[in-house]
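Throughout, protein chains are lettered first and strands after them, A, B, ... in sequence-line order, and every chain is numbered starting at 1.
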Number of protein chains: 2
Amino acid sequence: MARDDTPNAASVGTTERSFRILERLGDREGCGVSELADSLSISKSTVHNHLQTLRELGYVVQDGDEYRLGLQFLGLGDRARQHHDLYHVAKPETDSLVEAVGERAQVMVEEDGVGIYVYQSLADQAVRTDSHIGTVVDLHATAVGKAYLAHFPDDRLDTVLDRLVFDEQTPQTLTDAEALRTELDEIAERGYAFNDEERTVGMRAVGAPILSADDGHVLGAISVSGPTTRMNGTWYHEEVPEMVAQSAQIIGIRATYS
Amino acid sequence: MARDDTPNAASVGTTERSFRILERLGDREGCGVSELADSLSISKSTVHNHLQTLRELGYVVQDGDEYRLGLQFLGLGDRARQHHDLYHVAKPETDSLVEAVGERAQVMVEEDGVGIYVYQSLADQAVRTDSHIGTVVDLHATAVGKAYLAHFPDDRLDTVLDRLVFDEQTPQTLTDAEALRTELDEIAERGYAFNDEERTVGMRAVGAPILSADDGHVLGAISVSGPTTRMNGTWYHEEVPEMVAQSAQIIGIRATYS
DNA sequence: ACAAACGTTTTGTCAAGCCGAACACACTCG
DNA sequence: CGAGTGTGTTCGGCTTGACAAAACGTTTGT
């Protein structure tokens, strides 16, 4: 996880604890009090209290001795997404892109220095990975992320790059900021970004930025990803980039003229 | 809101406060500290502390003087939904139903006595309403809810009905439990449920239960809803019910044989 | 039948969440 | 142009209530 700093003292530790419990509940699907308490190093009684409170609020459901994440989070998530109008216009176009290319396509939006997938469309043949809607993605090690950063305003780019942790996820991962900068320049000129096993071995991706049609600032990014066995040759280097870039442009136009 | 009881003392009040803030943030899209503090009757400094904590966790984003719900909730919501396998099989079938019928279709799952929409598909002509994915719905005043309750185990039905608040939402809303019971019997026999302006004036809906193919217990419900101007005659009374019931059956079969 | 593991309940204590007041800043209006 | 009101933020003291540890009741498996 390229989770961020937090050097300063937080204010409400109790809330933080509740969310740590919730996130852990999301990882395993359904688990008991003791397992949570052990893995989080919190006393059982405390975990129990939190779970009871969250249950009454409807954000956790109790199923015998197991607790699971409640569906109420769908409401909060959807509300948050509604505020980004990009989602609405990107959804249908992304679906048609998947219909044309196959594989998997995802739409990313940046929020507070990290990228988050707001939509994902899968073809039948798509590879199952760990990326879902709501997944937090590194901006420097994905096709969407690099396509996005390539059109990021310079001043904000610096602060984002400073916060980046260049942990080497595969042998192909870029590990220094300077190499990333030069690649970003290439991407900006070319119009789309590649990801060749930088994050997951055996997976390739092509991403393109979604730009506002009037002032040209970047709204998000879209990518197609699949296994290297299918993503290769001119299909990977030319045809797919062409289609992704075209979809990105259509979304950008629709997004600007609401 | 048919929000529930909670007469007993909760355990972690701080967490409860955080979620009250988050829910309020979702209602208005983006607002400031003072507005939140006033409407929740919490001191400004407390609200500020909570917001800072939530911001560091990524669940709230700060945009100048405004705070908004963060997209991280998409992750939690999606995780919660993944645990319900009904979603995966219902999604494609719901989309085809919308393609055939037009209007709007939604899939509901019950959790802890309330119904929650886990998926929604809209045709171009669909009416914009306040129901989204994650919306909590009354089980007694919607087509999905009644279709679901009609196949609910008797013992659990009693407890659910006891907790129901029969607030009259439109002149057509059912207001006593006995009338609801007899209607549920009719629905169970007929196989589908109607909603004729019981929740929203001008809106009609047809819902059918999604039943497990082996033991017949109810997994959820699906409905199509639209304006009375288009939903009428045999279309409303026969053709649409036929299609909804058929989709529900298909989903039920696919859900049982994973 | 015992033991080990679980979830829940209880108890006391001290940290920490809460509030109110003061602060800094941005606007508006007379 | 300042007085005035509206923000969001910071500060300090008080007391609440969140926390951990241990006791309790049930279930599991050997």
May I have the distance from [X] (atom [atom1]) to [N] (atom [atom2]), rounded to whole angstrom?
{"X": "A/His50", "N": "C/dT9", "atom1": "NE2", "atom2": "P", "result": "16 Å"}
{"X": "A/Ile42", "N": "D/dC19", "atom1": "CD1", "atom2": "C1'", "result": "10 Å"}
{"X": "A/Leu36", "N": "D/dA20", "atom1": "CG", "atom2": "P", "result": "14 Å"}
{"X": "B/Leu40", "N": "C/dC18", "atom1": "CG", "atom2": "C1'", "result": "15 Å"}
{"X": "A/Arg17", "N": "D/dA18", "atom1": "CZ", "atom2": "P", "result": "11 Å"}
{"X": "B/Asp65", "N": "C/dA24", "atom1": "CG", "atom2": "C1'", "result": "12 Å"}
{"X": "A/Gln52", "N": "D/dA18", "atom1": "CD", "atom2": "C1'", "result": "15 Å"}
{"X": "B/Asn49", "N": "D/dC11", "atom1": "CG", "atom2": "P", "result": "12 Å"}

What verdict does the ring-ring contact (aromatic ring centres under 6.0 Å, His included) test give for A/Tyr59 and A/Phe19, after you've listed the backbone C-alpha separation in whole Å, the side-chain angles of each residue and the deciding distance to 0.1 Å?
CA-CA 11 Å; A/Tyr59 291 101; A/Phe19 274 98; 8.8 Å; no
Quick one: the side chain of B/Ser34 and the base of D/dG6, do they pair up donor-acceptor inside 3.5 Å?
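Check fails, no donor-acceptor contact within cut-off.
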Any N/O donor-acceptor pair, A/Thr14 side-chain to C/dA16 base, under 3.5 Å
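Answer no: no donor N or O sits under 3.5 Å from an acceptor.
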[X] side chain, from C-beta outward: closest of [options]:
{"X": "A/Thr46", "options": "C/dG7, D/dG8, D/dC19", "result": "D/dC19"}
{"X": "B/His48", "options": "D/dT9, C/dT8, C/dT9", "result": "D/dT9"}
{"X": "B/Val12", "options": "D/dA20, D/dA18, D/dT9", "result": "D/dA18"}
{"X": "A/Tyr67", "options": "D/dG8, C/dT10, C/dT8", "result": "C/dT8"}
{"X": "A/Lys44", "options": "D/dT9, C/dG17, C/dG7", "result": "C/dG7"}

Between A/Cys31 and A/Leu36, is the side-chain contact (heavy atoms from CB on, under 4.5 Å) condition met? List the steps.
CA-CA 7 Å; A/Cys31 67; A/Leu36 285 170; 3.6 Å; yes
Identified salt bridge (charged side-chain N to carboxylate O under 4.0 Å, His left out) partner of B/Glu35 from the options B/Arg24, B/Lys44, B/Arg28
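Filter result, single survivor: B/Arg28.
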Below 4.0 angstrom from OP1 or OP2 of C/dC19, is there any side-chain N or O of B/Ser43?
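Yes, because at least one side-chain N or O of B/Ser43 sits under 4.0 Å from OP1 or OP2 of C/dC19.
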Please check if any side-chain donor atom of A/Gln82 sits under 3.5 Å from a side-chain acceptor atom of A/Arg79, or the reverse.
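Absent: no donor and acceptor within the cut-off.
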Report yes or no: do A/Asp215 and A/Ser212 form a side-chain donor-acceptor pair below 3.5 Å?
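There is such a pair between these side chains.
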Within the 4.0 Å heavy-atom criterion, would you say A/Gln62 contacts the bases, only the backbone, or no part of the nucleic acid?
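Here A/Gln62 touches the backbone only, sparing every base.
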